[in-house]
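What follows is one structure encoded as structure tokens, with my remarks underneath.
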Amino acid sequence: MKITLKDGSVKEYAQAMCVYDIAMDISEGLARAACAGEVDGRVVDLRTVIGQDCSLNILTANDPEGLKVIRHTASHVLAEAVKRLFPEAKVTIGPAIEEGFYYDFDAAPFSREDLDKLEAEMKKIIKEGHKLERFTMPRAEAIKFMEERNEPYKVELIQDLPEDAEISFYDQGGFVDLCAGPHLMSTKNIKAYKLISSSMAYWRGDSDRAQLQRIYGTAFAKKEELAAYLEHLEDIKRRDHNKLGREMELFTTVDVIGQGLPLLLPKGTKMVMKLQRWIEDLEDKEWGYVRTKTPLMAKSDLYKMSGHWDHYKEGMFVLGDEEKDREVFALRPMTCPFQYYCYKNTQHSYRDLPIRYGETSTLFRNEDSGEMHGLTRVRQFTISEGHLIMRPDQMVEEFKGCIALAKHVMSTLGLLEDVTWHLSKWDPENPEKYIGEPEVWNETEAHIRDILIELELPFTEDVGEAAFYGPKVDINAKNVYGKEDTMITVQWDALLAEQFDMYYIDQNGDKVRPGIIHRTSMGCYERTLAWLIEKYAGKFPTWLCPEQVRILPISEKYEAYAEEIRKELARNDIDVTADNRSEKIGFKIREARLAKVPYMLVVGAQEAEDKTVSVRSRYAGDEGVKPLQEFIDQICKEIRTKEIRKETVQEEQKA
């Protein structure tokens with residue numbers, strides 16, 4: 001038989017060979033590093049016997065699929081450790097995942113102390129070096145086999161397999177688990193692993209089924225790689241907005257107020273106010289928007305007209321009972337129909353268009369309780385919402401303008417490099433979820449696709465992610481845990497003008513339906529704040545900081561000069577405080593660093609006499625003594641231009 005290797009070379013063998021023996025024939029070093037084989041594109045065990053011509057790639061830990069095999073085997077070692085230390089636990093499933101593995105058990109919750117004990121037991125199992133042996137059983141025999149071991153979840157899994165499925169098991173020194181593989185040859189080939197955490201999970205993801213305990217872990221081929229990954233996890237903890245935002249007193253949540261209803265504290269509120277004022281001025285003064293302010297609720301009649309009542313009612317907060325009350329209201333999940341009536345208030349000519357309505361809109365969405373998370377998934381939120389109403393021939397250019405505005409906002413915030421672009425399309429297999437004819441959907445999606453291509457924006461096409469009334473561009477970003485959320489949306493709407501009888505008078509005096517673009521320039525303020533916290537680990541650009549300068553008098557003798565400085569900075573619209581506590585200056589500096597304040601102004605006798613300030617910054621450490629006006633000019637320019645200064649390594653290490 002002929003075996004074609006990855007580099008195109010061919011090996012010939014007179015008899016059938018297992019993947020491991022072929023790897024050994026190629027190189028003993030390759031065989032030692034091998035985790036699995038890839039035969040004609042299918043990942044298989046190293047034990048797999050090849051008896052005919054094929055292509056073969058030997059997978060090591062440097063290959064994603066090879067690393068996955070290490071992690072899958074580690075999950076089996078974990079399961080054995082659990083059964084040794086907690087024999088009453090029932091095993092369920094334990095797959096490899098993107099950054100490691102998990103295994104679910106029907107057991108009491110596991111503490112961190114339990115995880116440490118399990119790690120130690122895993123070390124023993126690995127040191128024992130049991131070979132993993134694969135074997136198969138007929139269906140009835142396999143069911144009986146797991147029933148005898150009192151593993152009901154494995155029995156259910158076997159029963160759900162197709163009648164003709166090959167039911168395979170792996171035995172590692174007496175511990176046997178139902179598994180399709182592939183696995184390493186021996187447990188001793190696991191070199192670096194760590195159990196990360198445990199949490200509750202439902203059997204097969206169904207909240208009506210048994211509650212299980214999930215243990216998360218990870219594994220790598222080298223200890224250095226594991227150490228780097230664990231440091232990455234620590235960085236995630238440092239950046240997690242849900243933790244850091246609370247520590248920095250930007251926001252909090254209270255049980256008696258409700259899940260998904262965060263309270264922005266003074267510092268967080270100040271940041272959102274800065275963002276809001278910037279966006280409103282940017283839209284109105286530079287991009288030609290006019291501002292509206294519309295109600296937070298409306299009668300159900302409005303939402304029935306827009307289609308939200310039929311397509312989105314479950315996601316709305318409804319006030320009243322349709323069967324009992326003559327008027328039923330709902331808190332608004334969007335602003336579009338309100339702004340349509342602003343448009344309809346006056347008859348418009350083709351010369352009036354486009355009209356760009358902007359509104360800082362507070363919206364309400366009845367998200368599932370399991371979806372709530374910090375500031376990224378909430379039930380009440382505020383967005384930089386806008387609706388552009390225009391002639392059909394203006395749609396493409398206005399859509400490009402909305403994309404350009406979104407890019408400008410993200411670039412200014414330093415977030416542009418973090419996003420992915422998505423063309424969110426309708427699902428023609430489920431047309432009942434949408435309004436409008438297929439021809440309209442295909443045409444509008446084609447327009448958006450052409451725009452993204454013209455603007456050279458790399459994008460993916462996501463079927464079924466469109467709103468019920470139109471396709472859109474979703475600009476997404478991942479949080480520190482890798483979960484992707486939509487940050488900004490630009491949507492093409494060729495349908496709702498008909499629903500609301502919107503029109504303009506064209507050059508011939510005829511009534512014509514306008515086109516509509518729904519868009520956000522920055523998106524949700526709460527979600528953007530979360531994004532910024534995680535992006536900058538709380539060390540925001542100076543212009544966004546709720547406290548931009550802290551004055552540190554060396555002693556109470558210089559408090560008067562500190563107050564003089566504070567007033568002068570405040571007159572220049574700089575957010576400044578003075579630390580007049582009776583503490584040593586070193587302590588005050590450390591406190592300011594921990595608070596992530598961009599600038600500290602240390603003042604003592606010489607500074608008071610010369611009308612100067614000794615400047616320390618988050619960016620360059622000790623910046624020396626400067627005349628007060630020079631510092632004011634410097635920071636005012638930094639704030640005005642929204643500069644993002646880079647921090648020095650030295651100051652990072654000190655902090």
Side-chain angles (χ1 to χ4, degrees), residues 16-24 30-51 54-83 91-98 100-104 122 125-126 128-139 141-143 145-146 149 151 153-162 164-191 193 217-221:
M17 298 270 284
C18 73
V19 174
Y20 179 81
D21 288 340
I22 295 173
M24 182 67 77
L30 177 63
R32 284 198 301 270
C35 298
E38 188 177 27
V39 177
D40 291 337
R42 185 172 65 93
V43 179
V44 300
D45 255 13
L46 292 172
R47 311 160 188 74
T48 300
V49 175
I50 299 174
C54 66
S55 63
L56 173 64
N57 179 22
I58 305 298
L59 299 174
T60 70
N62 293 325
D63 302 294
E65 289 297 327
L67 184 57
K68 187 176 178 181
V69 172
I70 293 176
R71 291 168 171 173
H72 192 182
T73 305
S75 77
H76 277 228
V77 173
L78 167 61
E80 181 176 359
V82 168
K83 292 297 288 186
V91 292
T92 65
I93 57 172
I97 54 178
E98 184 176 355
F101 61 88
Y102 72 79
Y103 210 115
D104 288 348
M122 289 174 70
I125 295 168
I126 291 167
E128 290 166 8
H130 297 296
K131 290 184 178 180
L132 280 89
E133 304 285 355
R134 183 178 186 273
F135 64 93
T136 62
M137 284 185 182
R139 182 187 189 82
E141 189 177 334
I143 291 173
F145 183 74
M146 278 302 173
R149 281 161 174 72
E151 296 292 358
Y153 297 96
K154 297 295 183 180
V155 171
E156 182 178 328
L157 290 172
I158 296 170
Q159 290 172 335
D160 287 349
L161 291 172
D164 58 350
E166 181 181 68
I167 301 172
S168 59
F169 299 82
Y170 279 82
D171 184 340
Q172 56 192 50
F175 174 74
V176 179
D177 204 352
L178 172 73
C179 188
H183 282 287
L184 298 175
M185 299 287 281
S186 167
T187 60
K188 69 179 180 180
N189 293 329
I190 301 171
K191 305 297 183 183
Y193 64 94
T218 193
F220 290 87

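What's counted below: heavy atoms across the whole structure, side chains too, no hydrogens, waters or symmetry copies. Computed from a predicted structure; not experimentally measured.
Residues forming a side-chain contact (heavy atoms from CB on, under 4.5 Å) with A34 (at least two apart in sequence, or on another chain): L46, I58. In this view, K154 and D177 satisfy the salt bridge (Lys or Arg N to Asp or Glu O under 4.0 Å) rule, not counting sequence neighbours. Taking the salt bridge (Lys or Arg N to Asp or Glu O under 4.0 Å) definition, one finds that E65 meets it with nothing, sequence neighbours left out.
The shortest side-chain heavy-atom distance between V19 and I50 falls under the 4.5 Å cut-off. Using a 4.5 Å cut-off on side-chain heavy atoms (C-beta onward), E128 and T187 make no contact. In this structure, L184 and C35 have side chains that are in contact, with non-hydrogen atoms separated by less than 4.5 Å. Within the 4.5 Å cutoff, the side chain of F101 has heavy atoms near those of the L78 side chain. Between K83 and E151 the shortest side-chain heavy-atom distance falls below 4.5 Å. Contact annotation: the side chain of V82 never approaches that of V91 to less than 4.5 Å [non-hydrogen atoms, C-beta and beyond]. V176 is listed as a side-chain neighbour of F145, based on a closest heavy-atom distance under 4.5 Å.
Between the R139 side chain and the A165 main chain, no donor and acceptor come within less than 3.5 Å of each other. Looking only at distances, no side-chain donor or acceptor of D160 sits under 3.5 Å from a matching main-chain atom of L157. A donor-acceptor contact shorter than 3.5 Å is absent between the side chain of R71 and the backbone of T218. Not one N or O on the side chain of T136 forms a donor-acceptor pair closer than 3.5 Å with the backbone of I167. A donor-acceptor pair is defined here as one N or O able to donate and one able to accept, closer than 3.5 Å; no such pair exists between the side chain of T60 and the backbone of A33.
Taking NE2 from H130 and CD1 from I125, the interatomic distance works out to 7.5 Å, rounded to the nearest 0.5 Å. We find the NE2-CD distance between H76 and Q172 to be 7.0 Å, quoted to the nearest 0.5 Å.
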(request) Evaluate the criterion side chain to side chain contact (heavy atoms under 4.5 Å, CB included) for residue pair V77 and Y193; output intermediate values, then yes/no. (result) CA-CA 11 Å; V77 173; Y193 64 94; over 6 Å; no

(request) Evaluate the criterion side chain to side chain donor-acceptor pair (under 3.5 Å) for residue pair T73 and H183; output intermediate values, then yes/no. (result) CA-CA 6 Å; T73 305; H183 282 287; 3.1 Å; yes

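The pair E166-R134 meets the salt-bridge criterion, since a charged nitrogen lies less than 4.0 angstrom from a carboxylate oxygen.
The two atoms that bring L132 and R47 nearest to each other are O-NE, 2.8 Å, heavy atoms only.
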